[in-house]
Each structure stands twice: as structure tokens, then as C-alpha cells.
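Here's the structure we're looking at; comments come further down.
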2 protein chains.
Amino acid sequence: MRRRIPEATIRRLTHYLRCIEFIKETGAKILQSRDLATFCSISDSLVRRDLSYFGEFGTKGVGYSINDLEKHLKKILGINKIKKVGLAGVGNIGSALLNFPLMKNGFHIVAAFDVKDELIGKEINGVKIYHENDMIKVFREKNLEIGIIAVPQHVALDVANKMIEGGTRGILSFALLQCPLSKKIPLRYIEIAAELEILSYEIEKEG
Amino acid sequence: MRRRIPEATIRRLTHYLRCIEFIKETGAKILQSRDLATFCSISDSLVRRDLSYFGEFGTKGVGYSINDLEKHLKKILGINKIKKVGLAGVGNIGSALLNFPLMKNGFHIVAAFDVKDELIGKEINGVKIYHENDMIKVFREKNLEIGIIAVPQHVALDVANKMIEGGTRGILSFALLQCPLSKKIPLRYIEIAAELEILSYEIEKEG
């Protein structure tokens with residue numbers, strides 16, 4: 001497992017999980033690498049190469065047991081156990097996330113945080129909203145492993161550092177953080193405006 | 001301009017725009033490559049290399065006029081003119097997007113689409129919601145250049161192909177499309193579950 005795995009492979013593993021969720025609904029028990037390949041619009045051999053990084057599973061000529069493959073993939077991605085998440089920012093994106101079925105992907109938003117008086121103490125979809133001043137304490141008490149940042153950009157770095165002080169192991173941020181974090185932990189971004197801007201660039205490039 | 005520009009460079013250009021938005025609020029008129037570098041936690045020379053792809057702008061020893069740099073960057077990204085967007089799916093994510101200030105980034109959501117009777121004909125934040133059956137027609141009539149897909153995965157491909165038939169030039173999808181598009185156009189994804197899964201992988205890898 002110490003071999004360096006390309007990020008593109010890890011991303012495709014998540015696509016294989018989407019495919020499995022989809023195929024499971026049909027009641028199937030077995031799938032072929034070809035099914036994954038078709039679903040993801042990639043080649044059969046790429047699927048087999050991706051899976052080979054993680055040892056042999058599946059039987060030649062028979063295919064993969066869907067349940068086993070799902071279990072393996074979830075274990076590789078570290079979501080065989082539910083991960084507890086704290087969400088900072090209950091605006092448009094934050095509210096959408098609270099109503100999003102992340103639990104089925106292995107993530108449980110346990111607490112949310114904001115600074116607006118009218119939100120503090122309320123619940124959305126069963127998740128209590130705390131004041132951002134209590135973030136370090138709540139992250140510690142509830143052992144939150146992942147922090148999601150959905151606050152405005154100018155406060156995002158401060159929020160991130162509070163999450164780190166609270167013991168978070170990784171951060172997913174919708175706002176670009178300015179300056180490095182106080183401690184080096186995995187940090188990923190979802191940048192809606194940037195994705196549209198890059199798409200716009202690609203459109204213009206195509207002519 | 002025909003030189004192949006790495007995607008990482010294009011993404012950093014969007015970060016430079018975020019920095020410019022931020023610095024403009026302070027009233028500054030000039031910035032140095034160092035300011036962009038600090039904001040993005042990268043090296044000064046990387047900033048200069050990124051900008052050099054697009055010719056010389058800025059004066060040695062003086063820095064960049066913020067307004068000129070912003071104009072240049074927006075032109076490179078094709079957002080010097082507002083791009084018109086159609087949004088399919090007015091659920092949690094779709095509603096969040098309708099309330100999101102994308103206009104300041106150069107994107108105007110002009111029409112939204114859903115299949116729920118109770119939504120059709122309504123407006124959210126001034127954007128009218130049409131039935132998905134009218135998508136091709138509305139995309140054509142309003143010359144929508146970008147389609148955003150925020151519908152469930154099993155209908156996403158169908159929606160994408162309707163947008164293409166309506167003449168969209170590019171698609172940003174929150175749902176993974178199964179199978180290739182009916183026409184090759186720029187397609188980007190924002191995959192919230194996948195980003196959390198990859199983050200989880202990175203957390204476990206760190207130990």
C-alpha cells in the first residue's frame with residue numbers, strides 16, 4: 001500500500017463506487033471490469049490497472065462480486081467506517097450540504113457552525129448549528145475528523161485554523177484559503193467560480 | 001496563444017482573480033507578483049511564469065496595474081463578456097447556485113429547469129424555472145452558452161444531451177455522466193462526494 005497511487009486513479013475509484021451504487025439498484029450481484037469501463041467511458045485495461053494497485057480481487061472470467069468490490073473500495077478510501085464532519089458556514093452552499101445525502105457516502109455531518117445569531121441553536125436536517133466561537137471545543141468534544149468550509153473567503157483561513165486546533169484531520173473548502181494552514185493536513189478545494197472560469201477558457205480555446 | 005497551457009496554470013489564473021477581488025477592496029491600484037504569490041502560497045517565479053504564457057503585462061520594478069491585470073485575466077478566461085448559463089435541477093445544489101453571486105464572476109444564470117410541477121413557472125432570485133421538456137427550445141432561444149447540471153445521476157446524461165442539442169458550448173456537472181456525450185464539448189465536474197472520498201483517502205494515507 002506504500003506505492004504512490006496517482007490521484008487520477010483515486011478519483012476513478014470514486015467513479016467505480018458511483019457505478020456500483022447504480023448497478024446495485026438493478027439487483028445484480030456480479031460485475032465485470034467492462035461494466036465499470038463503460039460507465040466511466042474509459043478502457044477496460046485502465047479499470048484493471050487501477051484495481052491492480054490494490055492487489056487481486058475478482059476472479060478471472062467470472063468478474064467481481066459487487067459487495068466485495070464495494071467493501072474493498074470503501075476500505076481503500078477509508079470510508080468503511082463513517083467519518084464525522086463539522087461544517088462551517090450555513091449559507092446557500094452550507095444549507096445545501098446539510099440536505100445532501102452524504103451519509104450514504106460514509107460522511108456524517110455532526111455539527112454546523114455560523115456567526116448569525118438567528119441561526120445559532122437551530123437544527124437543519126437534524127444537525128445543530130453552533131456559534132463559530134465554539135468550533136474548537138465542539139470539534140474536540142465530538143471528535144470531528146473532517147471540516148468543510150463554506151464561509152466567505154476573508155474568514156476562511158481563520159475558520160480552517162480553528163478546525164485544525166480542534167483536531168480535524170482534513171479540510172474540504174469551498175473558499176480559497178489565503179496563506180498556508182497552521183499545520184500541514186490534507187486540504188482539498190471545491191471552487192465553483194473557478195470551475196466555471198476554466199470551462200469558459202476551454203470553450204473559447206475550442207473556438 | 002496556441003501554445004498548450006497547463007490546466008494548473010489556468011486554475012491559478014482564477015486564484016489570481018480571487019486575489020485581485022480581495023486586494024481591490026483595500027483600494028490599492030498596483031500589485032506585485034509577490035502579492036499574488038503570498039495570497040496563493042506559491043513562489044514569486046511561478047506567478048511570473050504563469051503570466052508570461054500570455055505575453056508581457058506589468059512594468060518591471062513597478063508591478064501590475066490591478067485594473068489592467070484583471071482585464072487581461074478576464075479576457076484570457078473568456079469572461080470579459082458575461083456568459084449566459086442554463087441550470088438543470090433546482091434541488092439543494094441548484095437552489096444554492098441560484099442564490100450564489102456568479103454574476104460577479106462573469107456568469108449569468110438566465111433560466112433554470114426542473115421536472116417538479118410545483119416549481120415550473122416560479123422564479124428564484126429572478127430566474128424563471130421551466131420544465132425540462134422545454135430545455136432545448138429555451139437554450140436555443142436564449143443562446144445559453146453554458147449548461148450546469150444539478151440533477152440526479154440517472155438523468156444527467158439525458159439532460160446533458162438536451163443541452164447540447166440546444167446549442168450549449170460547455171457543461172459543468174455536479175453528477176457523473178454515464179457514457180460519452182452525443183457531441184464532444186468541454187465538460188467539467190464538481191463532485192462533492194468524490195472530493196470527500198479522496199480527502200478521506202489522503203487522511204488515512206497520512207496515518
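Here is how names work: the chains are called A, B, and so on, in the same order as the sequence lines, proteins then strands, and each is numbered from 1.
- The minimum heavy-atom distance between B:Asn92 and A:Phe100, with the atom names listed, is ND2-N, 4.2 Å.
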Enumerate, atom names and distances included, each donor-acceptor pair closer than 3.5 Å involving a side-chain atom of residues 116-127 of chain B, sequence neighbours excluded.
residue	atom	partner	partner atom	Å
B:Asn125	ND2	B:Leu98	O	2.8

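- Neither the backbone nor the side chain of A:Glu25 comes within contact range of chain B; no heavy atoms are under 4.5 Å apart.
- Contacts of A:Ile148 with chain B are made by side-chain atoms alone, with heavy-atom separations under 4.5 Å and no backbone atom involved.
- Rounding to the nearest 0.5 Å places SG of A:Cys40 at 11.5 Å from CG of B:Leu177.
- If you measure heavy-atom distances from B:Leu97 to chain A, the contacts under 4.5 Å come from the side chain alone.
- Only the side chain of B:Glu7 comes within less than 4.5 Å of a heavy atom of chain A; its backbone N, CA, C and O stay farther away.
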Exercise for the section: For A:Glu204 and B:Lys83, run salt bridge (Lys or Arg N to Asp or Glu O under 4.0 Å): C-alpha distance rounded to whole Å, both residues' side-chain angles, the deciding distance at 0.1 Å, then the answer. Expected result: CA-CA 11 Å; A:Glu204 297 303 332; B:Lys83 278 199 156 66; 2.6 Å; yes

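- For A:Lys142, the NZ atom sits in a loose shell: 12 or fewer heavy atoms of surrounding residues, nucleotides or ligands are nearer than 6.0 Å.
- The existence of a salt bridge linking B:Glu197 and A:Arg18 is confirmed by a sub-4.0 Å separation between a basic side-chain nitrogen and an acidic carboxylate oxygen.
- For B:Leu176, the part sitting under 4.5 Å from any heavy atom of chain A is the side chain, from C-beta outward, and nothing else.
- From A:Phe22, atom CZ reaches atom CD of B:Gln153 across 7.0 Å, with rounding to the nearest 0.5 Å.
- Contacts between A:Phe39 and chain B at a heavy-atom distance below 4.5 Å involve backbone atoms as well as side-chain atoms.
- Salt bridge annotation for A:Glu191-B:Arg11: present, with a cationic side-chain nitrogen under 4.0 angstrom from a carboxylate oxygen.
- The candidate with the highest count of non-hydrogen atom pairs below 4.5 Å against chain A, out of B:Leu102, B:Leu157, B:Leu196, B:Leu17, is B:Leu196.
- Atom CZ in B:Phe174 sits 8.0 Å away from atom CD1 in A:Ile190 (nearest 0.5 Å).
- Most heavy-atom pairs under 4.5 Å with chain B, from the set A:Gly78, A:Cys19, A:Pro186: that is A:Pro186.
- In this structure, A:Arg188 and B:Glu202 have side chains that are in contact, with non-hydrogen atoms separated by less than 4.5 Å.
- Here NZ of A:Lys81 is found 10.5 Å from OG of B:Ser200. Values are rounded to the nearest 0.5 Å.
- When heavy atoms are compared at a cutoff of 4.5 Å, A:Leu77 approaches chain B by way of both its backbone and its side chain.
- Top candidate by heavy-atom pairs under 4.5 Å with chain B, chosen from A:Leu172, A:Ile185, A:Ile42, A:Leu187, is A:Leu172.
- For residues 104-114 of chain B, a heavy-atom distance under 4.5 Å to chain A picks out B:Asn105, B:Phe107, given by residue number.
- For chain A, the nearby parts of B:Ile198 are the backbone and the side chain; heavy atoms of each come within less than 4.5 Å.
- Nearest heavy atom pair, residue B:Tyr201 against residue A:Ile76, reads CD1-O, 3.3 Å.
- Closest heavy-atom contact between A:Gly170 and B:Leu199: C-CD2, 4.0 Å.
- Shown here is B:Arg49, whose CZ atom has no more than 12 heavy atoms of other residues, nucleotides or ligands within 6.0 Å.
- When all heavy atoms are compared, the tightest approach of B:Ala96 to A:Ala96 is CB-CB, 4.1 Å.
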